[in-house]
Novice: 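What follows is a structure written as C-alpha cells; I'll ask about it next.
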Amino acid sequence: MAYNLSEGSLQVIMNGGHYDKPVMQVLGSKKIQGSGANEKYRLLVSDGRHSYSFAMLAIQLNDKLITGELSDYSVVQIDRFVTSLLKNTGKGEKRVMVILDITILAPGSQVGKKIGNPQTLTDESSASAAPAPAMQPVPKPTPAPQRTMPVTTTNLDSSILSSQMTHPIASLSPYQNKWVIKVRVMNKSPIRSWSNARGEGTLFSMDLCDETGEIRATAFKNECTKFYDMIQVDKVYYISRCQLKTANKQFTNLKNDYEMTFTSETVVAECMEEASSVPTIKYDFQPISEIANKTPDSLLDVIGVCKMASDLQELTARNTGKQLKKRELTLVDSSGGAVTLTLWGTEAEKFDVNSNPVITVKGARLAEFNSSKSLSCLASTMVRYNPDLPEAHKLRGWYDQGGANMDIVNISAKSGVYTGGSNEWISFADAESRQLGSGEKGDYYSLLGVVTFLFTDNAVYKACPQEQCNKKLVDQENGLFRCEKCNREYPNFKYRLLLAANVSDPSGDQRVTAFNETAEAMLGRPAADIGRMFEYDKNSYLELFEEVKFKTFVFKLRTKMETYNDEARLKTIVMNAQPVDYKDANAKLIKSIQTMTGVEL
DNA sequence: CCCCCCCC
C-alpha cells in the first residue's frame, strides 16, 4: 500500500509558511523533559523529501505515543500545528513546530518502513545550518535531566528560560501544568479590592498574547502585590506555573476557553531579548454599521476615527452616589456607521478634544439605552490612540481623503420619544393632501428632506440644571440663574438646543422645530459644545449652522394644528433626524417606483 | 478567590 506524504511541506513550514494538514511520517521520538504527566516529546518527522527533528508533540498528545498508537513509521495527518522561532543559544534562530492535533492515517506496524529517502532539512534561517542531530528510530524512554523551575523571581536568568522550548498559548489547558509561555502583556487592570461572603482581598488582571492566541491572567492578594509593579503593558515575559480554569465569557472577549490564575508557585521573568515575533495585540474589529445588530452587553472590538468629542461631563451615579466623569466620542469608519463611545474617569479627562485620532477599543461593552446602542468602556477595555496598525493607517487615509465628510448613519442617535407613524416616506404635498395634523392628537410621518434654512438666533439656551427640568433660566446678572418652574436660583446651568429650521422636499417645504437631542443630531455636535461656541466663538457657531444647511436627513415629524393669537397654524416637530442610509433610501425609491409603475425592476 | 464598570 502506498502512502502519499506531503512532499516539500516541511520546507514551506520551516520557512514560516503555512501548509494545510500536511501528511507526514514519524521516524523517531525522544523524551526531552519532565516525567510522568509532564513528559514532553520531540519527534523526527518526514514529508518524504525532507526530515526534521524539531517537531514537538503537544502534551495532550503524549498518550498516543505512550500507548503505542503513534509509533515509528506511523503516517499521520497534522491537523493543527504552530511554529515559533526560538533563540538557539548563540546560534541564531531555530524554527520549531508544535503539533497540536493529529490524525493517524496508518499505524507504524502496518507501514513498517521509512518512505522515500528524506534528507535532513537544514535550518535555513540559521547561518550555521547545523544538521539536526539524528535520533534513534526506536522510542527508548531515557531519563531526561529534570528541569528545575526557579520558584522566585529573584536571580532568575531569563536566558535559561529562553533557551528552553516555550509552549504556545493555544495549547494551554487545565490538564497540563508544566509549561512556559512567552507572552506580551496587552492590557493590565488597576488593582481592585473586593469583599464578599467568600472573603476579601485585592486583585488585578492582565491580558496576554503570543502568536497562537490570547489569555487572561489574574493575580490575587499576595500575587497581586508581588507582580503588579513588575508587569508592564507591551513588555514580553516568560510565565509558568499558573492555574488554568474555564473562562467566563461574560467578562472577556479574549479568544480562549480558559483563563489563568497566578499562584504562589508562579514564575514571571521579563524577556530581555528581541521579541518582535510576539504580537502586540489581537483585535476582532467589527464594522461600526454592524454594531446595531449585536446583542446588548456583548464585548466588542472596534476601530474608528473620532469625529467629535463632547465636553467632559460630571455626574453622580444614582446607585452608589459616586462622582463620575465621562466624555462621549463619536467614532466613524468606512462602513458608513457612527457610534458613540463613552470614556470614563481619567481616560475621559485626558482625551484631547482638539484631535481626531484613530481609536481602537478592545472589549468595549455594547450598551442599549432608549433603543439606541452605544459603546461604553469598562475597566478591562483597551483603548489606544493612533496605534501603528495597518487598519489604523488605512482608516486615517479614508478619513482624510473624504471619509470625514461622508454621510453616516449614527447607530447611537437618540430617537427621542418617537414611536408611532409609518416608516414609509411621503412628501410634504402628501402630508398636506392627507390633511395631516388636523386631528386632535397630531400625526406622525417620515420623509426625506433637505434643511434649507436654520434660525441661528435663540437656537441654544441656558436651561435649568435639574435633571428633569429643561426650563429656560433667567440670568439674574449676579452670577445666579433663576428657574421659574423650580422656583429657585442656581449658580450653574446646562445648555440645551431649540432649533427652528425650514425643511424642503421636491413637493414643498415646512417650518420645523427640533428639541435638544434631535437638534444635536442635525447639528452633529453636543448642546454643550454649541453653547460654548455661541458664547466664546461666534464665528464657529455660525459656520456650523452654515455647514448643516442643505444637508439631507430622513426626518420623522409630528405635526399638529395649534392656535396662536386666534391664528391656526401647523406646528411640526422633528422627532428624529437621521443621516441618509443610501442603500435603504434606494430600496425605498425602487419600491415606490415599482408601486407607481407596476413595472418589476 | 473577581466579574463592579457607572449617566441619560
Novice: Per the salt bridge (Lys or Arg N to Asp or Glu O under 4.0 Å) rule, what does the pair list look like for residues 347-372 of chain A, sequence neighbours excluded?
Specialist: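 Salt bridge (Lys or Arg N to Asp or Glu O under 4.0 Å) check on residues 347-372 of chain A returns E214(A)-K362(A), D301(A)-K362(A), K325(A)-E349(A).
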Novice: dC3(B) phosphate, OP1 or OP2: any side-chain N/O from R192(A) under 4.0 angstrom?
Specialist: yes
Novice: Distance check needed: dC2(B) P versus E223(A) CD, whole Å only.
Specialist: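 Nearest whole value for this atom pair: 15 Å.
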Novice: Quickly work out the I191(A) CD1 to dC2(B) P distance and round it to whole Å.
Specialist: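 So the CD1-P distance, I191(A) to dC2(B), works out to 17 Å.
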Novice: Output the rounded distance in Å from NZ (K326(A)) to P (dC7(B)).
Specialist: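 For the pair K326(A) NZ and dC7(B) P, the rounded distance is 10 Å.
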Novice: Would you check if there is a donor-acceptor pair between the side chains of T559(A) and T572(A) at a distance under 3.5 Å?
Specialist: yes
Novice: If the cut-off is 4.0 Å, is R216(A) near the phosphate of dC2(B), judged by side-chain N/O to OP1 or OP2?
Specialist: no
Novice: Which part of the nucleic acid, if any, lies within contact of Q323(A), taking any heavy atom under 4.0 Å across all strands shown: a base, the sugar-phosphate backbone alone, or nothing?
Specialist: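 No contact.
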Novice: Is a donor-acceptor contact shorter than 3.5 angstrom present between the side chain of E259(A) and the base of dC3(B)?
Specialist: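 Looking at the base of dC3(B), it does pair with a donor or acceptor on the side chain of E259(A) (distance under 3.5 Å).
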Novice: Nearest-Å distance, CG (L341(A)) to C1' (dC5(B))?
Specialist: 14 Å
Novice: Would F369(A) count as stacked on dC8(B) if the rule is ring centres under 5.5 Å and plane angle under 30°?
Specialist: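 By the stated criterion, F369(A) and dC8(B) stack.
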Novice: Starting at the 5' end of DNA chain B and moving along, which residue's nearest nucleotide shows up first, L378(A) or S374(A)?
Specialist: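 Residue closer to the 5' terminus by nearest nucleotide: L378(A).
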Novice: When you check the phosphate oxygens OP1 and OP2 of dC3(B), does a side-chain N or O of T252(A) lie under 4.0 Å from one of them?
Specialist: no
Novice: Could you state the CG-C1' distance from N253(A) to dC3(B), rounded to the nearest angstrom?
Specialist: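 Spelled out: CG on N253(A) to C1' on dC3(B) is 14 Å.
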Novice: Nearest to the side chain of W194(A) - dC6(B), dC2(B), dC7(B)?
Specialist: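 Among dC6(B), dC2(B), dC7(B), the one nearest the side chain of W194(A) is dC2(B).
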Novice: I want to verify a distance call: between dC1(B), dC7(B), dC2(B), whose nearest atom is closest to the A317(A) side chain?
Specialist: dC7(B)
Novice: Rounded to whole Å, how long is the line connecting atom NZ of K494(A) with atom P of dC8(B)?
Specialist: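 After rounding, the gap between these two atoms is 10 Å.
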Novice: Side chains of Y495(A) and E535(A) only: does a donor on one sit below 3.5 Å from an acceptor on the other?
Specialist: yes
Novice: Identify whether any heavy atom of R365(A) sits under 4.0 Å from a base atom; if not, whether one sits that close to sugar-phosphate; answer base, sugar-phosphate or nothing.
Specialist: sugar-phosphate
Novice: Would F251(A) count as stacking on dC3(B) if stacking means ring centres less than 5.5 angstrom apart and planes tilted under 30 degrees?
Specialist: yes
Novice: Base, sugar-phosphate or nothing for K325(A)? Non-hydrogen atoms, less than 4.0 Å.
Specialist: nothing
Novice: Whole angstroms only, please: what is the CG-C1' distance between L244(A) and dC1(B)?
Specialist: 16 Å
Novice: Can you figure out which of dC7(B), dC2(B), dC4(B) approaches the side chain of K245(A) most closely?
Specialist: dC2(B)
Novice: Is it the case that N187(A) and R216(A) place a side-chain donor and acceptor less than 3.5 Å from each other?
Specialist: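 No, no side-chain donor-acceptor contact under 3.5 Å.
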Novice: Remember a base hit wins even if backbone is also touched, and classify T320(A) as base, sugar-phosphate or nothing at under 4.0 Å, heavy atoms.
Specialist: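 Since no nucleic acid heavy atom lies under 4.0 Å of T320(A), the category is nothing.
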Novice: Taking atom types as modelled and ignoring hydrogens, do the side chains of T252(A) and E259(A) form a donor-acceptor contact shorter than 3.5 angstrom?
Specialist: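 On atom types as modelled, these side chains do not qualify, holding no pair under 3.5 Å.
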Novice: Would you indicate, yes or no, if dC2(B) has its OP1 or OP2 atom less than 4.0 angstrom from a side-chain nitrogen or oxygen of N248(A)?
Specialist: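 Checking N248(A) against dC2(B): no side-chain N or O falls below 4.0 Å of OP1 or OP2.
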Novice: Mind jotting down which residue pairs meet the salt bridge (Lys or Arg N to Asp or Glu O under 4.0 Å) criterion with at least one end in residues 379-389 of chain A? Sequence neighbours excluded, please.
Specialist: D234(A)-R384(A)
Novice: Tell me: CG of L324(A) to C1' of dC8(B), nearest whole Å?
Specialist: 12 Å
